[in-house]
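Written out below as structure tokens is the structure these notes cover.
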Amino acid sequence: MKLDQIVRQLGVRVRTTEDKVKEVEVKGGYASDLLSDVIGNAKEGYLWVTLQTHANILAVAKLKDIAAILLVNSRKPDADTLEKAEKEGIVLLESDLSTFELVGRLYEMGIR
Amino acid sequence: MDVLILEIDDDGVGMDEEMVRKAADPFVTSRTERDVGLGLALLAQAAEMANGKITIESKRGKGTHVKATFQYSHIDRKPLGNVGDTLITLICGNAEIDFTFYHKWPLREVRISTKEMKERLGRANLDYIDTAREVRRRLQ
């Protein structure tokens with residue numbers, strides 16, 4: 001599924017690298033706030049759902065070729081994180097919903 | 001004192017000033033096979049999450065000193081984890097490096113030195129069995 005379809009259906013805000021949203025293909029999803037767990041279990045092309053906002057999430061996303069990072073519970077990325085995400089070409093999304101609700105909706109949409 | 005302090009000193013190649021400034025950036029690394037380096041970046045994040053910070057001092061050709069502080073009682077302070085197994089892996093995986101480990105609690109302290117272990121056991125190199133036995137006995 002294309003990322004822009006997910007963005008539209010969930011009504012999430014795109015914070016960085018907007019130009020990529022139309023082309024990125026989401027192959028699956030993973031939800032975790034433990035970086036080592038994401039490094040171990042997320043796969044290339046996955047949408048990653050997390051509450052972490054530190055710039056370290058970008059390095060993990062890059063390492064795993066994550067499709068996009070979705071921040072939950074209205075959490076705002078740190079200024080440093082926004083700047084680096086743009087520079088590294090990583091899509092950062094923001095939602096007011098909780099991880100539980102987001103993952104439920106994504107799963108219903110067919111992201112698994 | 002509600003604080004946990006972790007300090008690491010080495011007498012390695014060191015870093016210049018610019019590298020010291022950027023060392024905790026997750027997109028800065030001295031390795032060449034990938035452009036992401038998370039060691040100090042994760043340590044800095046862990047310290048900041050627990051109301052602490054890291055400081056790095058380094059001199060080219062002299063070595064590096066890293067200090068991380070954590071509010072001990074902070075609910076998000078990560079547990080120290082399995083220090084014994086970490087030490088065993090470090091020592092066995094880097095036979096050419098001598099390690100000295102020192103941990104001080106309010107009522108107790110532990111010191112482990114690979115140099116002293118080698119002297120006491122009369123060996124030039126420590127194998128896994130030597131290392132695991134010594135480290136586990138001291139950290140019990």
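Order of the sequence lines fixes the chain letters, A, B, ..., with proteins taken first and strands second; residue numbering starts at 1 for each chain. Because the structure is predicted, anything quoted here is derived from the model rather than measured. Just so you know, these numbers use all the heavy atoms, side chains as well, and skip hydrogens, waters and symmetry mates.
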TODO: Write down the atom of B:Pro26, the atom of A:Ala59, and the distance for their closest heavy-atom approach.
DONE: CB-CB, 3.5 Å
Task: Hydrophobic cluster membership, A:Met1 vs A:Val7, 4.5 Å side-chain cutoff - done: yes
Open item on the list: Starting from B:Val83, can I reach B:Ile112 by hopping between I/L/V/M/F/W/Y residues whose side chains sit under 4.5 Å apart?
Closed with: yes
Open item on the list: Please determine whether residues B:Phe27 and A:Leu92 belong to a single hydrophobic cluster, defined as Ile, Leu, Val, Met, Phe, Trp and Tyr linked transitively by side-chain heavy-atom distances below 4.5 Å.
Closed with: yes
Task: Which of A:Leu35, A:Ile39, A:Leu58 touches chain B most, by non-hydrogen pairs under 4.5 Å - done: A:Leu58
TODO: Using the rule that two of Ile, Leu, Val, Met, Phe, Trp, Tyr join whenever any of their side-chain heavy atoms come within less than 4.5 Å, decide whether A:Ile69 and A:Val26 are in one cluster.
DONE: no
Can you check whether chain B and chain A share any donor-acceptor pairs under 3.5 Å, and give the atom names and distances if they do?
residue: A:Gln52; atom: OE1; partner: B:Gln45; partner atom: NE2; Å: 2.4
residue: A:Asn56; atom: ND2; partner: B:Ala41; partner atom: O; Å: 2.9
residue: A:Asn56; atom: ND2; partner: B:Gln45; partner atom: OE1; Å: 2.9
residue: A:Lys84; atom: NZ; partner: B:Asp25; partner atom: OD2; Å: 3.3

Open item on the list: Applying a strict under-4.5 Å side-chain criterion to I, L, V, M, F, W and Y, I'd like to know whether B:Met15 and B:Val13 cluster together.
Closed with: no
Task: Neighbours of chain B found in residues 97-112 of chain A - heavy atoms under 4.5 Å - done: none
